[in-house]
2 protein chains.
Amino acid sequence: MEKYLKILKKCSLFYGISDDNLLKMLTCMGAKIISFDKKYTIFAEGNTAKYIGIMLSGTAQTVQMDYFGNRSVISVIKAPHIFGEAFACAEAESVPVSVIASEPCEVMLIDCGHILHTCSNNCGFHQQLIFNLMKDLATKNIMFHQKIEITSKRTTREKLLAYLLFRAKEQGADSFEIPFDRQALADYLEVDRSGLSAEISKLRREGILECRKNRFEFLTKL
Amino acid sequence: MEKYLKILKKCSLFYGISDDNLLKMLTCMGAKIISFDKKYTIFAEGNTAKYIGIMLSGTAQTVQMDYFGNRSVISVIKAPHIFGEAFACAEAESVPVSVIASEPCEVMLIDCGHILHTCSNNCGFHQQLIFNLMKDLATKNIMFHQKIEITSKRTTREKLLAYLLFRAKEQGADSFEIPFDRQALADYLEVDRSGLSAEISKLRREGILECRKNRFEFLTKL
DNA sequence: ATAAATCTGTTGAATTTTCAACGAAACGGG
DNA sequence: CCCGTTTCGTTGAAAATTCAACAGATTTAT
């Protein structure tokens, strides 16, 4: 287990827990490490979600089948990401996705029940673990909610402005940076890249904002 | 406190906790009940998120200001909804929204720290409470994620089919119901209602699906 | 420093969405 | 059963998005 300490410590789930306690805790919770070859199924659709997964090495994909069996890749999982936590915590009776190794990988599996139900001695680091898991879910909630708010606007211009206004407010400054290049921003906003570029140019010509690469600046009140 | 028992028991946060334990627990956690007149601020933007709110009666709105001070209503809160839980659990240093009473209302406030840090006697119902809160966040995560997946499709047709395929799969049947009328479905999919109606008609003419009010049925493999 | 690769802005045509308006159908009371 | 109200489907015109293609700018590797 020790050889995985370095990667485990990068995992938000274990924030603020000392090496010693982490190792003790993993044993106490019966954490298992399993290796999967390429194409092997880590979590199978339709099962109940019992385990939280932690990717230690390699890569996997979240795969979804629709009603007619059309397959689509929802997300890519690399170390040190955790996965399956929402389904496990929601006690989903049947998860709608599979997680499949896209290259050989090592995964730590922890029974979610062992996380949620603190052991009888009510140890402080176990509380920290619950706290971390809760924070992880809550943070994702906020991010999802913000994305929905932004992408629910109907036009590219509105989406872009909504996004930039969030970032400006967040950084509390007239001039601010965004963590995306044009293509990534277009993907986030769910619009066409060229249309996005055109809209940025238009806002520039109108004197509303200025931009150089990832740095934007509002010039006027809307 | 007893007079609010009926409404509190409807709150998912307290699922599976007996009346006795619930009342004891609320006292133990220092839950406060506060009344707000119309237009009063329950949570103010910019503060740290310390409390989880439970609406006991009346109505409030989640309000957001953008960088330039333009105000928009994000959501409406009625009993027995809880609110602020994501910000509190994520330990947001500064919440980006205000919650403002839109009619006189009564709100229960619980310090989130008192929920997350179990009391020294490690009582079982406190674990249940943590469990419920986690489940609430996780369930919302799954719902948000699904909505993002559906609305990230680019055309009305794709959005509609993605949504219907989810519902069909969920109900495991050729014929299935949806919980929306046309306008609500259009809002969920973030498309125009008339365009949605047109698309449904088109799918009908193409022999792909049949529908009568809220009941849909796929006729062919895509 | 140069070449290759990637990113970005522009354009115009084709497709799609939105918007407004209207009538038919469904619903709920009285 | 009739009437008022809401929901639903249709239509055509206006607006916006997507798509493909390309050239200039920027970055990376050698």
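Because only heavy atoms are used, hydrogens play no part in the values below, and waters and symmetry mates are left out as well, while side chains stay in.
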**Study point:** Contact nearer the 5' end of DNA chain C, comparing V191(B) with R204(A)
**Key:** R204(A)
**Study point:** Proximity to the side chain of T155(A) - top-ranked nucleotide from dT17(D), dG9(D), dT18(D)
**Key:**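 Of the options given, the side chain of T155(A) lies nearest dT17(D).
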Review point. D181(A) side chain: which of dT8(C), dT17(D), dT18(C) is closest?
Key: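 From the listed options, dT8(C) comes nearest.
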Check your understanding: Hey, is E103(A) close enough to K38(A) for a salt bridge, meaning N to O under 4.0 Å?
Key -> no
Practice item. Using salt bridge (Lys or Arg N to Asp or Glu O under 4.0 Å) as the criterion, point out the one residue from R193(B), R182(B), R205(B), R157(B) that pairs with E199(B). Key: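 The salt bridge (Lys or Arg N to Asp or Glu O under 4.0 Å) with E199(B) is passed solely by R157(B) among R193(B), R182(B), R205(B), R157(B).
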In this structure, how many angstroms lie between the [atom2] atom of [N] and the [atom1] atom of [X], rounded?
{"X": "E199(A)", "N": "dT8(C)", "atom1": "CD", "atom2": "P", "answer": "17 Å"}
{"X": "N214(A)", "N": "dC7(C)", "atom1": "CG", "atom2": "P", "answer": "12 Å"}
{"X": "D187(A)", "N": "dT18(D)", "atom1": "CG", "atom2": "P", "answer": "11 Å"}
{"X": "R182(B)", "N": "dG9(D)", "atom1": "CZ", "atom2": "P", "answer": "4 Å"}
{"X": "E210(A)", "N": "dG9(C)", "atom1": "CD", "atom2": "P", "answer": "11 Å"}
{"X": "I200(A)", "N": "dC7(C)", "atom1": "CD1", "atom2": "P", "answer": "15 Å"}
{"X": "L203(B)", "N": "dG9(D)", "atom1": "CG", "atom2": "C1'", "answer": "14 Å"}
{"X": "Q183(A)", "N": "dA25(D)", "atom1": "CD", "atom2": "C1'", "answer": "17 Å"}

Practice item. Go through E190(A) and S152(B) one step at a time and tell me if the side-chain hydrogen bond (donor to acceptor under 3.5 Å, both in side chains) criterion holds. Key: CA-CA 6 Å; E190(A) 288 155 15; S152(B) 67; 4.6 Å; no
Each nucleotide N or O in nucleotides 27-29 of chain C that has a protein N or O under 3.5 Å away: list the pair and distance.
residue	atom	partner	partner atom	Å
dC27(C)	OP1	K213(B)	NZ	3.4

Hey, could you give me the [atom1]/[atom2] distance between [X] and [Y], rounded to the nearest 0.5 Å?
{"X": "F14(A)", "Y": "D19(A)", "atom1": "CZ", "atom2": "CG", "result": "12.0 Å"}
{"X": "L209(B)", "Y": "C211(B)", "atom1": "CG", "atom2": "SG", "result": "7.0 Å"}
{"X": "T41(B)", "Y": "N47(B)", "atom1": "OG1", "atom2": "CG", "result": "10.0 Å"}

Please write out the pairs of protein N or O atoms and N or O atoms of nucleotides 10-12 of chain D separated by less than 3.5 Å, giving the distance to one decimal.
residue	atom	partner	partner atom	Å
dT10(D)	OP2	S201(B)	OG	2.1

Would you give me the side-chain donor-acceptor pairs under 3.5 Å for residues 158-167 of chain A, sequence neighbours excluded?
residue	atom	partner	partner atom	Å
E158(A)	OE1	T155(A)	OG1	3.3
K159(A)	NZ	L189(A)	O	3.4
R167(A)	NE	E170(A)	OE1	3.0
R167(A)	NH2	Q146(A)	OE1	2.8
R167(A)	NH2	E170(A)	OE2	3.0

Review point. So how far off straight is the helix from dA1(C)-dT30(D) to dG30(C)-dC1(D), going by the axes through five pairs at either end, to 10°?
Key: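 What I find for the helix from dA1(C)-dT30(D) to dG30(C)-dC1(D) is an axis angle of 60°.
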Practice item. Might you point out which heavy atoms bring A79(B) and L56(B) nearest each other, and give the distance in Å? Key: CB-O, 3.4 Å
Exercise for review: Scan D192(A) against the nucleic acid and name what it touches under 4.0 Å (heavy atoms): base, sugar-phosphate only, or nothing.
Suggested key: base
Revision key, fill the gap. Exactly one candidate in F218(B), F216(B), F176(B) meets ring-ring contact (aromatic ring centres under 6.0 Å, His included) with Y67(A); the answer is F218(B)
Taking distance alone, no hydrogens or angles, what donor-acceptor pairs closer than 3.5 Å link side-chain atoms of residues 81-100 of chain A to residues at least two apart or in another chain?
residue	atom	partner	partner atom	Å
E85(A)	OE2	K140(A)	NZ	2.4
E91(A)	OE1	K135(B)	NZ	2.8
S98(A)	OG	E45(A)	N	3.0

Check your understanding: Considering residues, nucleotides and ligands other than K9(A), do more than 12 of their heavy atoms fall under 6.0 Å from its NZ?
Key -> yes
**Study point:** Set of salt bridge (charged side-chain N to carboxylate O under 4.0 Å, His left out) partners for E210(A), sequence neighbours left out
**Key:**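 If we apply the salt bridge (charged side-chain N to carboxylate O under 4.0 Å, His left out) test to E210(A), skipping adjacent residues, the hits are R204(A).
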